[in-house]
Amino acid sequence: MASPLDLPVAELAACVADPRDPLRAADVVDASLRRIAALDGRLHAFLHVDDAGARRAAADLDDRVARGEAVGPLAGVPLAVKDNLAVAGLPLTCASKVLGGYVAPRDATVIARAKAAGAIVVGKTNLDEFAMGSSTENSAFGASRNPYDLARVPGGSSGGSAAAVAAGLVPLALGSETGGSVRQPASLCGIVGHKPTYGRVSRNGLVAFASSLDQVGPFGRSAEDTAALQRVIEGADPLDATSRAFPDGPAAARLAGDLAGLRVGVVEELEVGATGDPEVVAAVERVRAALVARGATLVRLSVPLMKAGIPVYYVVAPAECSSNLARFDGIRYGARVDAPELDALYARSRDAGFGAEVKRRILLGTFALSAGYADAFYKRAMSLRGALREQMTAAFARCDVLVSATSPFPAFRAGEKAGDPLAMYLCDVLTVTANLAGGPAVSVPAGRTRAGLPVGVQLWGPDGSDLGLLALGATLRGATGLAYEAPALAREVP
Amino acid sequence: MTAPFRVIVGMEVHLQLRTRTKAFCACRVAYGDEPNTHLCPVCLGLPGALPVLNAEALRLGVRTGLALRCAIAARTKWDRKNYFYPDLPKGYQISQYDKPLCASGFLEIDADDGTTKRVRIRRAHLEEDTGKSFHVAGTKHSRIDLNRCGTPLLEIVSEPDLASADEAARYLEELRKVVAYAGTSDGNMQEGNLRCEPNVNLVYPNGDRTPIVEVKNVNSVSNVARAIRFEVARQDAEYRAHGRTMANTPRSTRGFDDATGETVHQRTKESADDYRYFPEPDLPPLDVDPALVEAERAALPELPRARRTRYVEAFGLSAYDAGVLTADRRVADWYEQALVAGASPKGVANWLTGEVFARLNAESRGIEAVPFPPARLGELTALVEGKTVNAQAGKQVLRTMWESGEAPKDVVARLGLAQVSDPGAVKAACEAAIAAEPNAAAAVRAGKLEAFGRLMGAAMKALKGKGDPAAVKATLTDLLR
């Protein structure tokens, strides 16, 4: 018999929730923990596995089901959580030494909502330190690996969550996005990853990297699974003043409807062209052709300010990060390195606690906000960001969705870009603009390269059209047959 | 003689707004509690915690701004002020940088020349307070109490319109009264809910200006005046001895030492502090509801200075008495409630500031300790003014009211204190007094009027103290003519 872990999430939850069905949450969680035990030594997707807590939560859920209580739409579904989201009682490290020993006192809003829906948190997943990176190599606790090729990276910064889902360790995972940290690893791991509209999902309990860009996002093997998690975590939250409800509008309905007449935007600035991998270019072309074959029309357009995406992003995100990470000062967190003077204590503690990439971004951001430079950098970047938003609004007046590659290339080899920050920053070239503009974007599987590496396609819609985009993802799979395929590694353990 | 220089003082005041909970979380605001007991993930700056604005802080900020005659911004925003300090757990303070909630107001005070001076308010913005650090003498350690962290503050920045230590002190006194009247802050400097930093320098007739000094650690109005006086003398001496001016000397910060009355150099501001302000991404821009502003404007009470002027102009009180009565809104309210009994405002004011205050001061208690309702004092004043009792007996009535809480007319009736002005009885008493004090009578007749008091005393004694003093005086004068 196939593992219950491999069932669609809705089916799995329905079985667990049905007292007449023999499948119990305890069995599902046990299957997940066994796969983690068998495979994670090679993947290093997890930083912390909460074996006892997960089994306890599963037993509680089974008791409630046995008593005839109603349980939620994620009943018994094992959930992996990126380790920059607070889960009460579990370590919260952000893959940084600075937070070594810190245990979260409360659940993030998304965690509380997922738990209330019946999801079982099995552990915390690896990431680039404080979500800064695109390969999960910038972890203070060791890199994660791509389940399709252990010599390659899973992408990042939510690489642990993406690898865990792709390897079949869990059906669902949570990540976070600041510049592509859900979509890019989803693409490199052949699964679905969604970046919600800014404000659609509460950031309460997400350790801030760049607050005006950060969003929590769901991973799943299918668009339906991913949408199931998205529906549970989204919605206004009184604990996050930037969160709000997005009622389903006509844009979402359009995307969820028939492909005939769908206006598919092909943005010049999102074309990979000669600089990208030809197999990625071909995969995107195949998807567009399938859409056209079912009645969609291609709209070619230009969003000139997308060219400024990377420079604008690498001013705004480090600026906010330099402020958000100021609290990790050795006074209350992490190992304090004592010094005769207060300033030296700060400097030494932060020097010892943060990794190179985090320090680089703090320095960049501090510089960008400094008197005499803020006008040329931070203020100029913010003004370009505002103008980019306007150009995106104009673009969505002409089309319903943008379809492009998610990443210019498939998974790269571990270490290949580790010594070249600029090359690493360019991994986000196709994703950062959605964070800057605020809109929703999802990466869905679009086949594999000849070497067997997954390729993803990005669907980007107007603000608030999240569920429509995910529905389009499912329609697209039906049209192309391009779906998640388990890696060989996942078949080793039942 | 012209002054050798002019004194220029601008004032930065941090005012704690009187909210029940903190500015961006639900923790209680409490002074003097066990350290580190009013904390949550938000005010502790725990990773992942986010601020959410307390609407009451905004309302009190708007109300204070209106009391200071400021324009209230229709749209404002929040900014982060970044700096490292152990009592600032997030490493930044949520403040308002380029779009303050309130701007372009004024506060009127008495200038040194007796005229009214409008001290311009440049801006007033909302921000959160920090925690407190305690540096324990003789140890290697500092202690940090974060209870205060996140308490809402209004930072009120004046233009440099104050021309002396006394004016600065009066500005603070007036500000304290205004916020107490508006009900927006306790304004207590000892408890630190009103903290001020005067910026002081001097300008000479030749145009030279001494470098601006910001004075910290002044925790009372009198210390503000002391600190400024010390600074004025110190800066003048530095200018005359070394020619120190703005042109050749940087701005600096000095701390006031209560024990010596001196200011001590803390640090030099070679360049402006770089707080790397940027818009707070965790809080959306704030549209201030015009209905809120209008409701607060309508609810704003008459402010102390306007009330003082009204007492002088409408009630004929002296400026001094009007000032005393309006210093505390509760006293002024009590006073006006006492007026309903129909006595003269001046008479009631005299009884209140005289007899009533004397009793309260002796007991070190406030106006709320008066054991009878305000109207009773008005009734007593009316009895004296209507000559039902004389002033002496009135004091006895008040003493009795204080103990029994009776109505004054009941006290008068019970103790038989009604004044005697019957001409026959008065004349008999006066004749008896002249008979009993023949030497005094002779002296008065010889023109030595200082002996008259002795005869008055004897006549009043014969009337058991209840005689109408005016009638007794007139009758004695007649008899001795």
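Remember, it's a predicted structure, so these values are computed and weren't measured experimentally.
Between chain B and the options Leu213(A), Asp214(A), Asn324(A), heavy-atom pairs under 4.5 Å are most frequent for Asn324(A). Ranking Ala374(A), Ala371(A), Ser212(A) against chain B, the residue ahead of the rest is Ala371(A), based on heavy-atom pairs under 4.5 Å. For chain B, the option among Ser323(A), Pro238(A), Ala319(A) with the highest count of heavy-atom pairs below 4.5 Å is Ser323(A).
Few gaps surround CZ on Phe141(A); more than 12 heavy atoms of other groups in view lie less than 6.0 Å from it. More than 12 heavy atoms of other residues, nucleotides or ligands shown are found within 6.0 angstrom of CZ on Arg360(A). Atom OH of Tyr275(B) is surrounded by more than 12 heavy atoms from other residues, nucleotides or ligands within 6.0 Å.
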Should Glu320(A) and Phe278(B) be marked as a side-chain contact (heavy atoms from CB on, under 4.5 Å) after you check the CA-CA gap, both sets of side-chain angles, and the distance that decides it? CA-CA 9 Å; Glu320(A) 293 184 15; Phe278(B) 73 102; 3.7 Å; yes

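With a 4.5 Å cut-off on non-hydrogen atoms, Tyr85(B) touches chain A through its backbone and its side chain both. Both the backbone and the side chain of Leu44(B) come within contact range of chain A, each with at least one heavy atom under 4.5 Å from a heavy atom of that chain. The part of Leu342(A) that comes within reach of chain B is its side chain, from C-beta onward, which places non-hydrogen atoms under 4.5 angstrom from that chain. Of the two parts of Ser202(A), neither the backbone nor the side chain holds a non-hydrogen atom closer than 4.5 Å to a non-hydrogen atom of chain B. Contacts between Arg203(A) and chain B at a heavy-atom distance below 4.5 Å involve backbone atoms as well as side-chain atoms. With a threshold of 4.5 angstrom between heavy atoms, Phe328(A) approaches chain B through side-chain atoms but not through N, CA, C or O. Contact annotation for Arg244(A): neither backbone nor side-chain heavy atoms come within less than 4.5 Å of a heavy atom of chain B. Both the backbone and the side chain of Asp282(B) come within less than 4.5 Å of a heavy atom of chain A. Interface remark: Tyr198(A) contributes side-chain atoms only to the contact with chain B (heavy atom separation under 4.5 Å). For a residue to count as touching a neighbouring chain, one of its non-hydrogen atoms must lie under 4.5 Å from one of that chain's; by this rule Ile331(A) touches chain B with the side chain only.
You'll find the side chain of Ser211(A) reaches within 4.5 Å of the side chain of Arg80(B), heavy atoms only.
Here the CG atom belonging to Leu325(A) is positioned 14.5 Å from the NZ atom belonging to Lys90(B), to the nearest 0.5 angstrom. Between the CG atom of Leu369(A) and the CG atom of Asn82(B) there is a distance of 7.0 Å, given to the nearest 0.5 Å. Atom CG in Leu50(B) sits 5.0 Å away from atom CG in Asp240(A) (nearest 0.5 Å). With values rounded to the nearest 0.5 angstrom, Arg332(A) atom CZ is found 9.0 Å from Ile144(B) atom CD1. Put simply, OG on Ser322(A) and CZ on Arg276(B) are 5.5 Å apart, with the number rounded to the nearest 0.5 Å.
The two atoms that bring Pro284(B) and Ala241(A) nearest to each other are CG-O, 3.5 Å, heavy atoms only.
Of residues 93-103 of chain A, those residues with a non-hydrogen atom less than 4.5 Å from any non-hydrogen atom of chain B are, in numerical order, Leu99(A), Tyr102(A).
A tilted orientation is assigned to the rings of Phe84(B) and Tyr346(A), their planes being inclined by 30° to 60°.
Residues Arg327(A) and Tyr92(B) have side chains that bring a donor and an acceptor to within less than 3.5 angstrom of each other.
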